[in-house]
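Quick notes on the structure that follows.
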Amino acid sequence: MGDRRLINVYLLGVGFMLIFTAFTTCGNIEQTVIRSLTNTSFSGSGYNSLAIIYGVFSASNLIAPSVVAVVGPKLSMVFSGVVYSGYVVLFSKPMTWSLYLASILIGFAAAVLWTAQGSFLILNSDYTTINRNTGIFWALLQGSMLFGNLYVYLQWRDATVISDHDRSTLFIVLSMCALAGTAILLALKNIRPEDNSSEINDPPLLESKLLKEKVTSTVDQITSEFWSMLRLFRTKNMLLLSVTIVYSGLVLTFYSGVYGTCIGATRQFGTVAKGLVGLTGMFIGIGEILGGGIFGLLCVNNQFRRTSAILFGVIVHLLAFYLIFLMIPGDTPIVGPTSSRYTPYLSPSPTAALVSSFLLGLGDSCFNTQLYSTLGILYPQQGGPAFAIFKFVQSISAAVAFGYSNYLLLSWQLLILTTFCFFGTLSFFTVERIEDNASDLQDL
């Protein structure tokens, strides 16, 4: 049984890596691709699409547990994988109405996917293996930042305009990648809780009775979890941590959608700009994987404080923001390269752009690993509601950020990030101080 569960974890990680290789690459180049369309009837916006996705994702977190309870984790993830594949493939022949409809569907599918993923990972873990399994899944998932973006770089590195043929080829390949990941999820083997195997041979009447009892129990559990989440949301620690979570959502928006768009729209990069979009995504992924390994796995059992990891992430992010502010023209988030009227303070350098990408990923991993760790330690008996709040707050802030990315100059977006970085760090440190004081009182 232990080997089967470990195989499930690896399959889960590989499946998500392939699905998010497609989706993450799509989000990174979405606005750049839309700006290159020759279809004049298309009036959609990549930023608006991503804002819709995260807005629906946030609201759907409230009902996703019900879907997973009825359908089951495995089939829920398979269903979501199909929706992700459909969203990616529509960019091979984009239409405004289909883009926004698919954005709504994938927002719901994302909530179901991540709820099912958490449930399935817990089913295949115990107290002694949860850290190992989480580490394996994280490392495999972050590999999604590498492969699709490498393909973009190799195919577009000398392109000044993305042709319809190149666009169609890329998104068909990415959709096939997402379908391959979905097929791997089909290979997952359901793990039943202990003593549930006898239900397989129950007579039909007893089986029907058990099903009704299970549905009633599930409804009661969902109601209980919902009210527990609302009560938890009003606590002092969770309200403080929500400020840090908001910052994580704003950064998610910036590195997954805005920064790649800025790179592709910087005319000073010349013919390498479009290919550089792919490389920036790869270096963000390398930073994520490195940071996740250092702060997520290597520091689990030592005395390295969470506040030290957060402080390191703050320094790394502020350095990245400053480099980007100096190097990237201010209007690149909202106009194409031929329309830019702003001259950067420093001559844009591909090397500096990639260094900034790496720093964005490294800093993001610092915040996310420590938020996960803190929530797990503070709320060991309320993990479901705590992480539901995490995803709810993060996705709302990401949706708002994608919304204003259509209109705000880069300098204003960086100012918002810097402001929330400061207050999010202050809030996190306050929670740590409260918990340290509480621990000291218990030791007296």
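Bear in mind that the values here come from a model prediction, so they are computed numbers and not experimental data.
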Could you tell me if the side chain of [Y] sits less than 4.5 Å from the side chain of [X], heavy atoms only?
X: Leu12; Y: Met77; value: yes
X: Thr235; Y: Leu232; value: yes
X: Phe171; Y: Val89; value: no
X: Thr425; Y: Thr244; value: no
X: Ser49; Y: Ser103; value: yes
X: Asp364; Y: Tyr255; value: yes
X: Pro329; Y: Gln268; value: yes
X: Met238; Y: Leu378; value: no

What class does the angle between the rings of [X] and [Y] fall in, given that below 30° is parallel, 30 to 60° is tilted and above 60° is perpendicular?
X: Tyr54; Y: Phe402; answer: parallel
X: Tyr87; Y: Phe91; answer: perpendicular
X: Phe20; Y: Phe16; answer: parallel

Check [X] against [Y] and note the closest heavy-atom contact, atom names and distance.
X: Ser144; Y: Met17; result: CB-O, 3.3 Å
X: Asn8; Y: Asn124; result: ND2-OD1, 2.9 Å
X: Pro333; Y: Cys262; result: CG-SG, 3.5 Å
X: Leu250; Y: Ala401; result: CD2-CB, 3.7 Å
X: Tyr259; Y: Leu360; result: CD2-CD1, 3.9 Å
X: Leu252; Y: Ala398; result: CD2-CB, 4.4 Å

Item to check | Stepwise ring pair (Phe, Tyr, Trp, His ring centres under 6.0 Å) check, Phe57 with Phe392 | outcome: CA-CA 8 Å; Phe57 177 30; Phe392 179 76; 9.9 Å; no
Checklist entry - Can you tell which of Phe367, Phe422, Phe420, Phe428 makes a ring-ring contact (aromatic ring centres under 6.0 Å, His included) with Tyr247? => result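 When ring-ring contact (aromatic ring centres under 6.0 Å, His included) is applied between Tyr247 and each of Phe367, Phe422, Phe420, Phe428, only Phe367 qualifies.
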Between [X] (side chain) and [Y] (backbone), is there a donor-acceptor pair under 3.5 Å?
X: Ser365; Y: Leu362; result: yes
X: Thr182; Y: Ala178; result: yes
X: Lys74; Y: Leu185; result: no
X: Thr24; Y: Thr21; result: no
X: Tyr345; Y: Ile328; result: no
X: His317; Y: Cys421; result: no
X: Lys391; Y: Ser58; result: no
X: Ser76; Y: Val112; result: no
X: Ser80; Y: Ala109; result: yes

Item to check | Test log, rule side-chain contact (heavy atoms from CB on, under 4.5 Å), inputs Phe23 and Ile53 | outcome: CA-CA 12 Å; Phe23 180 72; Ile53 289 173; 4.2 Å; yes
Item to check | Candidate pair Phe120 and Val68, rule side-chain contact (heavy atoms from CB on, under 4.5 Å), full reasoning | outcome: CA-CA 10 Å; Phe120 192 80; Val68 175; over 6 Å; no
[atom1]/[X] to [atom2]/[Y] distance, rounded to the nearest 0.5 angstrom?
X: Leu90; Y: Ser85; atom1: CG; atom2: OG; result: 11.5 Å
X: Leu241; Y: Gln370; atom1: CG; atom2: CD; result: 12.0 Å
X: Met282; Y: Thr25; atom1: CE; atom2: OG1; result: 10.5 Å
X: Leu105; Y: Ile52; atom1: CG; atom2: CD1; result: 11.0 Å
X: Leu346; Y: Leu326; atom1: CG; atom2: CG; result: 4.5 Å
X: Ile19; Y: Leu113; atom1: CD1; atom2: CG; result: 6.0 Å

Item to check | side-chain contact (heavy atoms from CB on, under 4.5 Å) between Thr266 and Leu276, intermediate numbers included | outcome: CA-CA 10 Å; Thr266 302; Leu276 198 59; over 6 Å; no
Checklist entry - Around Tyr100, counting heavy atoms of other residues, nucleotides and ligands shown, do more than 12 lie under 6.0 Å from its OH? => result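 Count over threshold, so yes.
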Next on the checklist: Just to verify, which of Val82, Val83, Leu75 counts as forming a side-chain contact (heavy atoms from CB on, under 4.5 Å) with Phe79?
Outcome noted: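 So, applying the side-chain contact (heavy atoms from CB on, under 4.5 Å) to Phe79 and each of Val82, Val83, Leu75, only Val83 qualifies.
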Checklist entry - Do Thr351 and Leu354 pass the side-chain contact (heavy atoms from CB on, under 4.5 Å) test, and can you show the C-alpha distance, the side-chain angles, and the key distance before you say yes or no? => result CA-CA 5 Å; Thr351 301; Leu354 296 180; 6.0 Å; no
Next on the checklist: Determine whether Ser248 and Gln394 satisfy the following criterion, side-chain hydrogen bond (donor to acceptor under 3.5 Å, both in side chains), listing intermediate values before the conclusion.
Outcome noted: CA-CA 7 Å; Ser248 74; Gln394 187 184 58; 3.1 Å; yes
